[in-house]
There are 2 protein chains.
Amino acid sequence: MSASGVSAAGKVLQVLAAFDREHPSRTLSEIARCTGLAVSTAHRVVAELAAWGALERAEDGSWHVGLRLWEIASGCPRTQILRDAALPFMQDLYEATHENVQLAVREGTELVFVERIAGHRSVELLTMVGTRFPVGSTGMGRVLLAHAPRELQEEVLAAPLRPWTPHTVTDPRTLRAQLDLIRREQVFVSDRQLSESTVAVAAPVRIGRAGPVSAALGIVVAARGAERARGLREPLLRAVHGISEELGRRARTAL
Amino acid sequence: MSASGVSAAGKVLQVLAAFDREHPSRTLSEIARCTGLAVSTAHRVVAELAAWGALERAEDGSWHVGLRLWEIASGCPRTQILRDAALPFMQDLYEATHENVQLAVREGTELVFVERIAGHRSVELLTMVGTRFPVGSTGMGRVLLAHAPRELQEEVLAAPLRPWTPHTVTDPRTLRAQLDLIRREQVFVSDRQLSESTVAVAAPVRIGRAGPVSAALGIVVAARGAERARGLREPLLRAVHGISEELGRRARTAL
DNA sequence: CGGCCCTTTCCGCCTGACGGAAACGCCCCC
DNA sequence: GGGGGCGTTTCCGTCAGGCGGAAAGGGCCG
């Protein structure tokens, strides 16, 4: 029997998918195991990928994603355009607040962090660029959710919500009310929903002044300094408006 | 005749490679043309990639790199670890100078930009994250070159150097002297080598205090403010030392 | 020395990829 | 409206290239 039921291109993708966030570095047999491919097949595919530069080998013989693939992928418009437009504003925001500034987009029912600015003076966070979270678990996620299509909102509200901390909102009714609140007000404060020690302030980024919501911008502060959150609304709003307009400008000139 | 001489995995990579920096977005037939694949083949491969999330389709029907691939690729250790360690220091550096701060690694005879910090108060630059330049053309590149293996230096010195501006050093003897200078001094000032309007200050980032050079950190200022460059040496050195130590710490704890 | 695990190479079988061709859809120009 | 050009999508017969079992090679450890 051959192929294990997956097309040739599929094998490449299976192998690439093995390098997820928890496993940035893997050995050949790990790859074979977790993809279900025969070792010899995995070997060949990996070798091909490596020859092209999509994978690289560490001194210890383990494999990881190569610079070439990173390069290609970093051209991804969903992130590249956004980052380019947002970076200067995020920068200003960081300088004004010295808190962790984050930018995220929604993909399906998940949130993906796209860019972040953090210095020595801001809270240490675990969330790296490229990390996913269920939309609905975080302040930024809920902002994105509130502006997502109706059916998607219902889908999330229907599924059970994971309680990350004792404060996490898990009641669909409360969450629904929060989504309404988010649509009414621009800025949303999310209190210790994901971690006991952090409070997030988030707002939607649009394409142009009144265009569709394409991302969420957030600031994360230590929970002990929660009262700071109030003062962050204004600078956050300024940044969000700046980015939205910049995105609108770029979208227009791109045509 | 089939396969156009390339293995199945190769086709996937050919298609991905079509999405280079100049072509973040392509139509199916463009892909077919520039990879040399038959349209029907390209169609099938693209469809498979899209089903997996490696490619996405815009409303106008054109294709571009998808979020899923970006995610996988953003785990690339060469960049991820470096950025994580460097970001806070780059941040401090930006705040101290308000100039364009850039981080780059070397791959073969080229330099790849890995991270940058820029705000409204710094020079506008064309160099995006992921862009390549011949090492030897830029200040940061020369810093990396100076600390690269001998034979690679010779290779670059042997090849003709492209003059980007009237000031670009193209004489191998002069360049060789610069490389010596870089190894003696820590910081290198590169005057209008890549663009008429910018001056760069660059320094090598090591792994640990005295480890191998893994990246270069640079500041780019407007050429008219070139005298500023002098004052940037100290903050740049502080940042570089900070990053180097942080990288050393991480390398040790990773074992 | 033998057992274990990972990596690499080899090879014959067979299936799934290949691309030519044709249908489809769209736009523009006559 | 009709026709030509261009891009996309689907279909299908052929056949070469991918597949994985097996075995050899190489460390490591007890």
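Convention: sequence-line order gives letters A, B, ...; per-chain numbering from 1.
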dC26(C) C1' sits how many Å from Asp60(B) CG, rounded? 14 Å
Is a donor from one side chain sitting under 3.5 angstrom from an acceptor on the other, for Arg33(A) and Thr27(A)? no
Once you build an axis from the first five pairs and another from the last five of the helix from dC1(C)-dG30(D) to dC30(C)-dG1(D), how far apart in angle are they, to 10 degrees? 30°
Under 3.5 Å, is there a donor on one side chain and an acceptor on the other for Ser214(A) and Arg78(A)? no
Of Ala9(A) and Gly61(A), the one whose closest DNA chain C nucleotide lies more 5': Gly61(A)
Grab the CD1-C1' distance between Ile31(B) and dG19(C) for me, whole Å please. 17 Å
For Arg33(B) and dG19(C), give me the distance from atom CZ to atom C1', rounded to whole Å. 17 Å
Close N/O contacts between protein and nucleotides 9-13 of chain D (under 3.5 Å):
unit_1, atom_1, unit_2, atom_2, d
dT9(D), OP1, Arg57(B), NH1, 3.1
dT9(D), OP2, His43(B), NE2, 3.4

Figure out the CG/C1' separation between Leu37(A) and dG21(D), and round it to whole Å. 15 Å
Heavy atoms of other groups near Arg176(B) CZ, more than 12 under 6.0 Å: no
Which ring-ring contact (aromatic ring centres under 6.0 Å, His included) pairs, counting each pair once, include a residue from residues 32-91 of chain B, with sequence neighbours left out? His120(A)-Phe89(B)
So which nucleotide from dG7(D), dC6(C), dC19(D) ends up closest to the side chain of Lys11(A)? dC19(D)
Are the side chains of Leu145(A) and Arg106(A) in contact, using a 4.5 Å heavy-atom criterion? no
Report yes if at least one side-chain N or O of Thr41(A) is closer than 4.0 Å to OP1 or OP2 of dC19(D); otherwise report no. no
Distance-only polar pair, side chains of Ser62(B) and Ser25(B), donor-acceptor under 3.5 Å: yes
Using modelled atom types and a 3.5 Å cut-off, is there a donor and acceptor pairing between side-chain atoms of Arg26(B) and backbone atoms of Ile31(B)? no
Which heavy-atom pair separates Ala203(A) from Val143(A) by the least distance, and what is that distance? C-CG1, 3.8 Å
